[in-house]
Structure formats: C-alpha cells, structure tokens
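Working notes, beginning with the structure itself.
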Protein chains: 2
Amino acid sequence: MAAPAAAGPTLTYVAEPDLTPRAEQTRTAITEAALRLFRENGYEATTMRAIAQQAGVSTGNAYYYFGSKEELVQQFYEHSHADHVAACRAILETETEFAPRLRGTLRAMIDVSGPYHGFAARFFKHAAEPSSPLSPFSKESSPAREAAIALFREVVDGSSTRIDRELRGQLPELLWLYSLGVILFWVHDTSPGCAKTYQLIDRTVPLADRLVALSRVRILRSTIREIISIVADMRS
Amino acid sequence: MAAPAAAGPTLTYVAEPDLTPRAEQTRTAITEAALRLFRENGYEATTMRAIAQQAGVSTGNAYYYFGSKEELVQQFYEHSHADHVAACRAILETETEFAPRLRGTLRAMIDVSGPYHGFAARFFKHAAEPSSPLSPFSKESSPAREAAIALFREVVDGSSTRIDRELRGQLPELLWLYSLGVILFWVHDTSPGCAKTYQLIDRTVPLADRLVALSRVRILRSTIREIISIVADMRS
DNA sequence: TAGCACAGTTGAACGTGTTCAACGTCACAT
DNA sequence: ATGTGACGTTGAACACGTTCAACTGTGCTA
C-alpha cells in the first residue's frame, strides 16, 4: 500500500516504522486482506481470524503489526488525508476566492472519503474518544491536526477575499473545527451518495463566507474578537 | 410571559412496560447494579457477569430485560435526564430572561453529569458511533432526545426576551445541538472540576443571546431564515 | 561453520458480550 | 388437587478480540 507521491512535507506526517522486506510483505498482506474483507463483508462481519487466514498468517501474527482490529481501520484515516490534499490541489491552484476554495476543499474531503463511508462511521468512534490517541484533539494526533489546519491555512492564504486581520490568523483553526462538524454530520448521513452532506457544505459555506465578510464590519468586530478569544482560551 | 414549569407529562417520557412486581424488582436490581458499576469502574471495565452478580441474578437473565449492554446505558441517559430536569427547576421557575435561563440549564446539565464524568469520557465513543443505539441521533434515543429538546423549549417559552417568531420554533432544537457541543467539550475537559466547561458556557451563552437578539434585526433576517431552513432540511 | 541475538510467527487460552435449550414458578381454569 | 401456559430464570456454550509463552527463521559475528 504505497503512499501517494507527496508533493510536500505537509503530506508526510505519518512516520512509517522501518521494516525488513519480510515484515513489510506480511504487513502489507494483512492490510490488504483486512481492507478487502472490510469492503466485502463490513466491519463487524470481518473477524481477525478471517483477516489472518486471508493474509496467510496466524491470528496472533496480525497483532504483531497492529495493536487491535481498530488500528487496521486507522489505515483508511491516514491514507484519506493524503488523498484529500491531492484532491484539493486542482481547486487550490486555480481558484482565488475564499468561498469556492473552502467549498472545493470540503467537497474534496467528502469525495475521497465517500467509498469508505461505512468504515469511517465505525472508525469515527475512536476519534471521538477523548483519551484515545486517535482523537483529533489528542497530543498524538497533533501532526495530523496541524496538517489539516495547514490545509485550511492554504485555503485562507490563497484567497483574494478581504479578511479581518485578526480573524485571518485564527481562521484556519476555526475552519478545521467547522470541517469536523461537517464530518460529524457526514458519518451520520445515510442519504444516497451522502447528498445531504454536500448540501450542507453548499449551504453553510456561503454563511461562513458572509460571516468572514462581516468580520470587517465595525459593530461586529468585538463579537468576532470574543469568539477568537474563547477558542484560544479553551484550546489550552 | 413566563410559564410555570409543568410537572406534567414532558418529564415522564419513559414508558416503562407493565411488569409483574417480581419482574419489576429484578429489572430495578439490574439497573441499579449496572449504574453503580458503570459509575465506579467505567463502561468497559463493567462486565455483564459482574452486573448480574451484583444484582443477584444469572448472566443470561439480564438479557431477558435488556437486549444488550448498551441498552443498559439508555437507563443512564434516562436517569440523568430526570436529574437534569430536577436541577433546572429552580432556575426555570424564577428566572424570566433568556440568557440566564439558558445558562442555568446548561450549567445544571454539567452539574448533574459531574459524578459521571469519567464514565462519560470512557463510553462516549460508543455514543459517537452513528449506528449505535447510544447515539443521540439514533432512533433508540428518540425519547431521550425529544425530552431534552422539550426542556430547551421550556427555556425558550418561559423567557420574556423577545425572539423572532420563526426562530422561536426552531430554537429549542438549535439549543439542543448547542448543548451537545457543550457535552462534546465537557468529555474532553480535564480541567479541575471541569471549570473550563463552565467557562465555555458562561462565555458562549451571551453570544447565543446576542445572536437571538440579532434575529430581529432586519438585515440579518434572511440569514437567520436560511440557518433555520438548513437545519430543517438536514434533519429529515 | 557454529553460535548468537532478535525479528517474526504460532496457536492455544483467556475474558468478553451474547444466545439458547432447558428448567422453575405461579396464577388460574377445570 | 391437578394440569396448563405464560412468565421468569438458569448456566453452559458460542464466537469474538486479544494475549502470551514458546517456537522458528534470519542475518550477523567469531
């Protein structure tokens, strides 16, 4: 499962441990067996015994490479971000206005995750557990989080739309929180093709855009400042 | 304008099935054993065997009353909500302004959940899983959800603050979503006494209050209407 | 070549949530 | 008193995720 060619350091935040060719081969076999069985039979119906059998190894051997069945699902997560960045590239290189840049980035996020909607829904619970290293707020997820925020910083920095100076600094993080909300909706979305999630994006992006524009209006300045202050205080 | 809190049917949303005294006693014993063990040891560390043993029944007997371990957590939801309603009573009966009513209700929610903070953090991941009956959006949680929204409807209806007519109808559900956000923060909150969560409430309630007040401003009317429309469309 | 250290591998075993066929209990009609 | 049938209860059994002491292969050094 070769990682897509990284166009920059922001993409390669996953430090794969060095493995001998033998180990690499086994690990890959387990991964591929797991992903295939997950696809074919779903998460619960796929047993660790079946994964090991399909990979041609013993049951316990899978646990030498992956600490748990859940960790196997994590592979989707790691590959997804790289795919997301790649899928955003076209939009981020051509579009200069804030709203379409944000819209394209969010839609790309759902695009690349689409085929794995069922798995992501399963995986989501690990991201939601506060004590889990897989939580987006955890210390262990810091590189992944920074990478995601960096992507939104690119959305902001590359846009010609005028944005309040103070807001501009915090906006990437706010957009990341916003994207988490979209994902939260998405994992619960059972509409065909997750059409409702795309609707949600298409209809809330203009709101976000308007909010950003309003940040330059004098009367709302203090409110915006308060929001930024709250986020900053709560983060620590 | 402030309607006295009704001790009526909105509080007793739990339709307990008719049981013989014998069954009632067993069911109660299982529930109490489960809640106590959950609180003391957390969700995962509490086994069905331990619950059954503490309740003085066989393991399989617990499954006569509850289809699964998760179903026992529903009991926690229901008990917790009853406590929440009780803790809100004082505020909702005396206070007439929107902001303090909302603030009091949210703070009461954290107050009564306090003892279960550790437990909540542990089992939160099960609630975050979309397909889980423990999800606040699930069909199984519907009664709990409706009851919670009803409580926020009481917050809105009993407040003398002038609120846009259209917003007023959707506001309870919006406030419920807001409260879920607070809970999401709360389970991640490791500050002593969850002080940060109380801070979050104290600082975001004025924002919500301001937003509600702004709903009557002409220029923002269309935006408010759009937000309401989005929530309505996404819910279905 | 022999020995060594360690990465890689094994499958039985453990504890878990859950199921199920069998059994007990009790009100009630006969 | 004696079936009767629904309700309530049991504990062994099942499949699962996970662990672990023991084993095997591999590359290295002497």
Tell me whether the centres of the aromatic rings in B:Tyr116 and B:Trp186 are closer together than 6.0 Å.
no

Within the 4.0 Å limit for protein heavy atoms, which parts of nucleotides 11-16 of chain D are touched? Write it as a string from 5' to 3', B for base, S for sugar-phosphate only, - for none.
B-B--B

Interatomic distance, A:Gln53 CD vs C:dT10 C1' [rounded to whole Å]:
15 Å

Taking the axis from the first five pairs and the axis from the last five, what angle separates them in the helix from C:dT1-D:dA30 to C:dT30-D:dA1, rounded to 10 degrees?
30°

Atom CG of A:Leu72 to atom P of D:dG17: distance rounded to whole Å?
11 Å

Okay, side chain of A:Thr46, backbone of A:Leu37: is any donor-acceptor separation there less than 3.5 Å?
yes

Under a 3.5 Å distance rule, please check whether A:His188 uses its side chain to pair with a backbone N or O of A:Ile183 as donor and acceptor.
no

OP1 or OP2 of C:dT19 under 4.0 Å from side-chain N/O of B:Tyr63
no

Measure across B:Ile51 and B:Leu72 and return the closest heavy-atom pair with its distance rounded to 0.1 Å.
CD1-CD1, 3.9 Å

Hits for side chain to side chain donor-acceptor pair (under 3.5 Å) against B:Gln25, two or more places apart or cross-chain, chain-then-number order -> none

Quick check on DNA chain D: between B:Ala62 and A:Tyr43, whose nearest nucleotide comes earlier from the 5' end?
B:Ala62

Using modelled atom types only, decide if a donor and an acceptor are shared between the side chain of A:His84 and the backbone of A:Thr105 within a distance under 3.5 Å.
yes

Look only at the side chain of B:Arg153 and the backbone of B:Pro172, and say whether a donor-acceptor pair between them is shorter than 3.5 Å.
no

Once you apply a heavy-atom cut-off of 4.0 Å, does A:Phe66 come out as touching a base, just sugar-phosphate, or nothing?
nothing

Determine whether a donor-acceptor pair (N or O, by modelled atom type, separation under 3.5 Å) exists between the side chain of B:Asp189 and the backbone of B:Thr197.
yes

Residue pairs passing the salt bridge (Lys or Arg N to Asp or Glu O under 4.0 Å) test where at least one lies in residues 50-64 of chain A, sequence neighbours excluded
none

Rounded to whole Å, how long is the line connecting atom OH of B:Tyr65 with atom P of C:dT18?
18 Å

Kindly give the atom pairs (protein nitrogen or oxygen, nucleotide nitrogen or oxygen) under 3.5 Å for nucleotides 4-7 of chain C.
none

Given atom CD of A:Glu70 and atom P of D:dT18, what is their separation to the nearest angstrom?
6 Å

Take atom CD of A:Glu146 as the centre, draw a 6.0 Å sphere, and report whether it contains more than 12 heavy atoms from other residues, nucleotides or ligands.
yes

Please, which pairs that meet salt bridge (Lys or Arg N to Asp or Glu O under 4.0 Å) have at least one residue in residues 55-76 of chain B, sequence neighbours excluded?
none

